[in-house]
Amino acid sequence: MNNPAKQQNARTAITPTREQDFPEWYQEVVKAADMAENSPVRGSMIIKPYGWALWENMTRIFDAWLKDYGIQNAYFPLLIPVSFLAKEAEHVEGFAKECAVVTHHRLEKGPKGGLVPAEAAKLEEPYVIRPTSETIIGDAMARWVQSYRDLPLKLNQWNNVMRWEMRTRLFLRTSEFLWHEGHCAFETAKEAEADTLHVMGLYKRFFEEYLAFTGFVGPKTAEERFPGAINTIGFEAMMQDGKALQAATTHDLGQNFSKSIGIKFQGRDGKEAFAHTTSWAYSTRTLGGMIMMHGDDDGMIMPPRVAPVQVIVLPVIKDEAGAGALMDFCNKIADDLKKAGVAVKVDSRDMRTPDKMWEAVKKGIPVRVEVGQREMEANSVTFVRRDLGKDSKTTCTVPEFLAKVSGVLDDVHNGLLSRNRKFRDDNTFDGKGVSDIKDFFAAGKMGFVRVPVETLKDEALEKVKDEFKLSTRCMPFEDEGKKVLIAKSY
RNA sequence: CGGGGUGUAGCUCAGCCUGGUAGAGCGCUACGUUCGGGACGUAGAGGCCGAAGGUUCGAAUCCUUUCACCCCGACCA
């Protein structure tokens, strides 16, 4: 311990490690990667440029997929009249207790100084800041849908919503969060059901193919459904501490909302009918999930296909005299990478090389390229994969690197995905019923327990769930609805 | 809302019990030596101690009031 050099070698970029304190590790990774920070507004975060760039990539790509599917983007108001929210009984029950309410439209000087809402400017009907937009979009749909010819109506909006949560954590649970919310209306129940399945399929494909993010997909149990839905399909991901994170959901709302809001149309048979509606979303929470799924004790590991920076070029300057030529060499490599469609950055800041290097590590940039005098003379580069660390250092010629870089990025992606799949599978345990669930969590183990769906009817389940703070996650499609997953969750 | 706690430099905190006029580490600035898996030295910048009253010759420190935030519970994309 009294050898500082040795201590430094063993040091991880993030303190504490995942092993020592997972929640604290998570917060530190977010900070170290410079993705977000807490704001002066309770429970609301500031998403910093690097975090935003990631979210932008996660939205831009998926938005195009939605449009391919025939979704039209639109925008609806932030404020929702309270009476709208109250229209659907279960819905209001589910959201009323976490709504921010707008009651006045003007401020005035208070008796003790400062500004207070002006009593004279009290709204006759308060608004809530949208916790979700089913009701206000449903209200518009009720006017827009007159005939079966107006269906299907497939809308989406990228926006922010607010739910007054008691405990918040960057990305995972914030009062205000960003998401997209799709809202569709169909003529038949079958189409609505197909929509929820199709969009969940898009989520799964997008998460796996772009975010290297794995999970279990399947319907939620009745008690875990979205308030007002007849069916909810969830994407349940496993974090590195074995807890579950719901990363996306699609809801079949049946005719609950169309009947309470009045989305009706004249059908092919001339008779009046109510539409079948759906809604679905993923949020900035998924971004938090990516940190908890991919990160290691040195910080974030960005999945390459959405990484804001895929390759960072680090000029290693030994003497000022050769610096100009070295920078030119680095910039040339970067230009060639850009032409090949790689998101590349040359870190030419006037800083120590090791400091730049660790910053790149903590930000999780998938491939780091080091270029010094040696490389320049041999027209070569030395590169390191973030997911494998310094042992993966490889030197090759510049043309070789240009030819293989996209393959290397694919390798990083595939490596993350298969590692995460393995982790998920290694920590999913089969049980026969309640007593197996109890034994598992009583032994202090973490992960998902997969039991036959009949277990849900066992009265002893509630007690065990309460005791260990467990919840039912979903009934995975891969088990054909015969099994249900039980876990602790975020 | 129930129970606990904290407000002092950009950040994390010490000082408060036992009043005497502001501290540390990190970060930041400048210069030098450094720079391929976390650097050192030297010199600096930066705070009316959450707010308002009170006690006192004197308050970050004691008293009163107030505001804000954090943690534990129920809820949750």
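Computed from heavy atoms alone, side chains included, the values below leave out hydrogens, waters and symmetry copies. Letters A, B, ... mirror the listed sequences (proteins, then strands); counts begin at 1.
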Scan Trp179(A) against the nucleic acid and name what it touches under 4.0 Å (heavy atoms): base, sugar-phosphate only, or nothing. nothing
Test of ring centre spacing under 6.0 Å for Trp179(A) and Phe177(A): yes
Between Thr221(A) and Thr472(A), do the side chains contain an N or O donor and an N or O acceptor separated by less than 3.5 Å? yes
I'd like the C1' distance from rA9(B) over to rG47(B), given in whole Å. 5 Å
How would you label the contact of Leu314(A) with the nucleic acid (heavy atoms, under 4.0 Å): base, sugar-phosphate, or nothing? nothing
Mark this stacking check for Phe177(A) against rA77(B) as yes or no, applying ring centres under 5.5 Å and ring planes under 30°. yes
Distance, C1' atom - from rG58(B) to rG19(B), rounded to whole angstrom: 8 Å
Asn38(A) CG to rA68(B) P, in whole Å, measures 18 Å
Using a heavy-atom cut-off of under 4.0 Å over every strand shown, decide if Lys97(A) touches base, sugar-phosphate, or nothing. sugar-phosphate
Nucleotides 33-35 of chain B: which of its N/O atoms have a protein N/O under 3.5 Å away?
unit_1	atom_1	unit_2	atom_2	d
rU34(B)	O2	Arg352(A)	NH1	3.1
rC35(B)	O2'	Thr353(A)	OG1	3.1

Angle between ring planes, Tyr282(A) versus Trp158(A), binned at 30° and 60°: parallel, tilted or perpendicular? perpendicular
Given 3.5 Å as the limit, does a donor-acceptor pair link the side chain of Thr428(A) with the main chain of Arg424(A), or not? yes
What residues form a ring-ring contact (aromatic ring centres under 6.0 Å, His included) with Tyr210(A), not counting sequence neighbours? Trp65(A), Phe206(A)
Just checking Ser175(A): base, sugar-phosphate only, or nothing, at a heavy-atom cut-off of under 4.0 Å? nothing
Once you round it to whole Å, what is the distance between P of rG38(B) and CD of Glu359(A)? 16 Å
As a test of understanding, state which of Arg225(A), Gln246(A), His251(A) forms a side-chain hydrogen bond (donor to acceptor under 3.5 Å, both in side chains) with Thr232(A). His251(A)
Under 4.0 Å between any heavy atoms, over every strand shown, what does Lys469(A) touch: base, sugar-phosphate, or nothing? Just pick one. sugar-phosphate
With hydrogens left out and only the distance checked, is there a donor-acceptor pair under 3.5 Å joining Arg173(A)'s side chain and the base of rC76(B)? yes
Any base atoms under 4.0 Å from Gly389(A), or only sugar-phosphate, or nothing? Heavy atoms, all strands. base
Check whether Arg385(A) reaches the backbone of Lys390(A) with its side chain - one donor and one acceptor, N or O, closer than 3.5 Å. no
When the distance from CG of Asn159(A) to C1' of rA77(B) is rounded to whole Å, what number comes out? 12 Å
Polar atoms only, N or O, under 3.5 Å: list the protein pairs with nucleotides 10-13 of chain B and their distances.
none

Please confirm whether His294(A) and Phe423(A) have ring centers closer than 6.0 angstrom. no
When rounded to the nearest Å, what value does the distance between P atoms of rG46(B) and rG41(B) take? 23 Å
Quick check for you: to the nearest 0.5 Å, what is the distance between Tyr50(A) atom OH and Met35(A) atom CE? 7.0 Å
Would Phe76(A) and His183(A) count as a close aromatic pair, with their ring centres under 6.0 Å? no
Taking rG23(B) as the reference, what is the distance to rC48(B) when you measure between their P atoms (whole Å, please)? 14 Å
Nearest to the Gln246(A) side chain among rC76(B), rA77(B), rG37(B), which nucleotide is it? rA77(B)
Residues Arg60(A), Glu56(A): salt bridge by 4.0 Å N-O rule: no
Any donor-acceptor pair under 3.5 Å linking the side-chain atoms of Thr382(A) with those of Glu370(A)? no
Between rC70(B) atom P and Glu165(A) atom CD, what is the distance in whole Å? 14 Å
Check for me whether the distance between the ring centres of Phe226(A) and Phe95(A) falls short of 6.0 Å. yes
Considering only the C1' atoms, how many Å lie between rU8(B) and rC49(B), rounded to the nearest integer? 4 Å
Along RNA chain B (nearest heavy atom to each residue), the more 5'-positioned of Thr168(A) and Tyr490(A): Thr168(A)
Should Leu54(A) and Met302(A) count as side-chain neighbours, where that means a heavy-atom distance under 4.5 Å? yes
Distance in angstrom units between Asp466(A) CG and rC75(B) C1', rounded: 14 Å
Short N-O contact, Lys404(A) and Glu400(A), less than 4.0 angstrom: no
May I ask you to list the residues of residues 366-378 of chain A, by number, that have any heavy atom positioned under 4.0 Å from an atom of RNA chain B? Arg368(A), Glu370(A), Gly372(A), Gln373(A), Arg374(A), Glu375(A)
Under 4.0 Å between a side-chain N or O of Arg167(A) and OP1 or OP2 of rC76(B)? no
On the 0 to 90° scale, with breaks at 30° and 60°, tag the Phe235(A)-Phe207(A) ring pair as parallel, tilted or perpendicular. perpendicular
Rounded to the nearest angstrom, tell me the gap between atom CZ in Arg11(A) and atom C1' in rA39(B). 11 Å
When rounded to the nearest Å, what value does the distance between C1' atoms of rU21(B) and rA59(B) take? 9 Å
Expressed in angstrom and rounded to an integer, what is the separation of Phe62(A) atom CZ from rA77(B) atom C1'? 15 Å
NA contact type, Thr382(A), heavy-atom cut-off 4.0 Å: base, sugar-phosphate, or nothing? base
Grab the stems for RNA chain B, please: at least three consecutive Watson-Crick or wobble pairs, both distances below 3.5 Å, written as range with range. B:1-7 with B:67-73, B:10-13 with B:23-26, B:28-33 with B:39-44, B:50-54 with B:62-66
Separation between the P atoms of rU6(B) and rG10(B), rounded to whole Å: 22 Å
Report yes if some heavy atom in the side chain of Leu211(A) is under 4.5 Å from a heavy atom in the side chain of Met58(A); otherwise report no. yes
Rounded to the nearest angstrom, tell me the gap between atom CH2 in Trp164(A) and atom P in rC1(B). 14 Å
Within the structure shown, what part of the strands sits under 4.0 Å from Ala13(A) by heavy-atom distance: base, sugar-phosphate, or nothing? base
Can you establish whether the number of heavy atoms outside Glu24(A) located under 6.0 Å from its atom CD is more than 12? yes
rG7(B) versus rG50(B) - spacing of their C1' atoms, nearest Å: 6 Å
What residues in residues 285-300 of chain A put a non-hydrogen atom under 4.0 Å from any atom of RNA chain B? Arg285(A), Asp298(A)
Does Asn156(A) form a side chain to side chain donor-acceptor pair (under 3.5 Å) with Tyr69(A)? I'd like the steps, not just the answer. CA-CA 11 Å; Asn156(A) 176 66; Tyr69(A) 171 53; over 6 Å; no
